[in-house]
Protein chains: 2
Amino acid sequence: MKTQHELGTRERIVRTTAQLMQRQGYEATGLKQISQEARATLGSVYHFFPGGKRELAVEAVRHGAAEFAEFLRVAFEQEDDPAAAMIACTRTLAKDLRESGWLDGCPVTTTALESTGRAPEIQQAAEEAYESWRALVREKLARAGFAEDVARELAHTVINLLEGAELSAQVSQSETPLEIAGRHLAVLIDSHRGGATRPASG
Amino acid sequence: MKTQHELGTRERIVRTTAQLMQRQGYEATGLKQISQEARATLGSVYHFFPGGKRELAVEAVRHGAAEFAEFLRVAFEQEDDPAAAMIACTRTLAKDLRESGWLDGCPVTTTALESTGRAPEIQQAAEEAYESWRALVREKLARAGFAEDVARELAHTVINLLEGAELSAQVSQSETPLEIAGRHLAVLIDSHRGGATRPASG
DNA sequence: CTCTGGATAGAGCGATCGTTCTAATGCAGG
DNA sequence: CCTGCATTAGAACGATCGCTCTATCCAGAG
């Protein structure tokens, strides 16, 4: 049985890796730094992750993917209308980003970009992350009465614009790009209501 | 006067750095690799760029910014209507990305993300890159009769969605995200025509 | 107690990093 | 020819990289 009064060593390593790679990227994050900040030793790191840094990065991406998926779930629960949900979503995203000192952007993107064409396992983990987020948007739209193909395409653009706007907000240290993105996503969603069954008044 | 029959050493170094950082990112690109592929020596690199890797990255980002700006200019020239231009733009972007073996994504983003909060000079160069691209979109929209504030906001979303869709296309090795982005940008732009002077038939 | 195996601990490996340094080279102006 | 300067050349530095290795610790089974 694992110790329960505090996080297990393995979980501590994954969380630390995820946070460090979110802020610094894959290449700039060293195993020494990870083991130190996770209060573990290099021996423990290689015990739990024999695949080394690559395997660690895959786990970190999956952790970040689950984290952001939970964020989307919560945001989508609080607003019934998808368009309104987008605005709320970008607002919270902007607030969290600002409160982190503009350091915590997308937990996946930096590592993903550094890995394209060079570390297929990490790239695939990132792909699965994006797809899981798109699935959540798709379901949200489907529940609001959007046709399946319309929802699928909108889900792509919702996630992609969230990505781009968060990146832009982080680089410019401004909430503006996310705020604009929220409103434009609402407009885009509303302009596709035509082919869908009309949602109820809520 | 510089030698003209072939590129000068400085220019060769900048172009090589830009290409390598576009594909591998900032941290994974070593000065040894740069000097080798640019057919220069370490001495030359530090002669032209006393600031070392940081200064080199700033120049590389500026080079990439100018490159993509030129791409946008050409794309916008070929289509009079902004909405149609977006579709043409994403199509060409997708083709180029695919033909590079999904290796050449945005020439700025990877380096920018690796630098946030740790290398302000690079981050600022990236900011200026994005702003210059937004300016081109803004002008394109203004020329089509869009109001200034509407054009400014649309420019944000156009660039941000292009960024996000290109990232997504690269990670998933598929042209689909860009193709969808083009159509959705066209819809978004058209849905904002209301407050603008009606463009001519072309 | 002994035995066992997961977990921890950290010294140390070769390689590579960004950077600095000195010396040589090419070439224009006198 | 010589001088002067921009450029080229690459050896070498200390630091850090990912990773391997051996030794130790410790809880539970017998």
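Numbered from 1 within each chain, the chains take letters A, B, ... in sequence-line order.
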Do side-chain atoms of A/S168 reach the backbone of A/G164 as a donor and acceptor pair under 3.5 angstrom? no
Testing B/E153, B/E139, B/E127 for salt bridge (Lys or Arg N to Asp or Glu O under 4.0 Å) with B/R134, which one passes? B/E127
Would you tell me if any nitrogen or oxygen in the side chain of A/T9 comes within less than 4.0 Å of OP1 or OP2 on C/dT8? yes
Given C/dA11, C/dT19, C/dT8, identify the nucleotide with an atom nearest to the side chain of B/L42. C/dT19
Roughly, in whole Å, what's the span from CZ in B/R39 to P in D/dA9? 11 Å
C/dT8, OP1 or OP2 - any side-chain N/O from A/S44 closer than 4.0 Å? yes
Quick test of your reading of the model: are A/D104 and A/R98 salt-bridged, counting only N-O distances below 4.0 Å? no
For DNA chain D, which residues in residues 46-55 of chain A have a heavy atom at a distance below 4.0 Å? A/Y46, A/G52, A/K53
Would you please indicate if the ring centroids of A/H184 and B/H184 are separated by under 6.0 Å? no
What integer distance in Å separates B/R12:CZ from D/dT7:P? 13 Å
State plainly whether the residues B/R15 and B/E67 are in salt-bridge range, i.e. N to O under 4.0 Å. no
What is the ring orientation for A/W133 with A/Y130, classed by angle as parallel under 30°, tilted 30 to 60°, or perpendicular over 60°? perpendicular
I'd like to know if B/E77 pairs up with B/R73 as an ion pair, taking the criterion as any Lys NZ or Arg NE/NH1/NH2 lying under 4.0 Å from an Asp or Glu carboxylate oxygen. no
Could you identify which residues of residues 17-38 of chain B place a heavy atom less than 4.0 Å from some atom of DNA chain C, listed by residue number, or say none? B/T29, B/G30, B/L31
More than 12 heavy atoms of other residues, nucleotides or ligands under 6.0 Å from CD of B/E148: yes or no? no
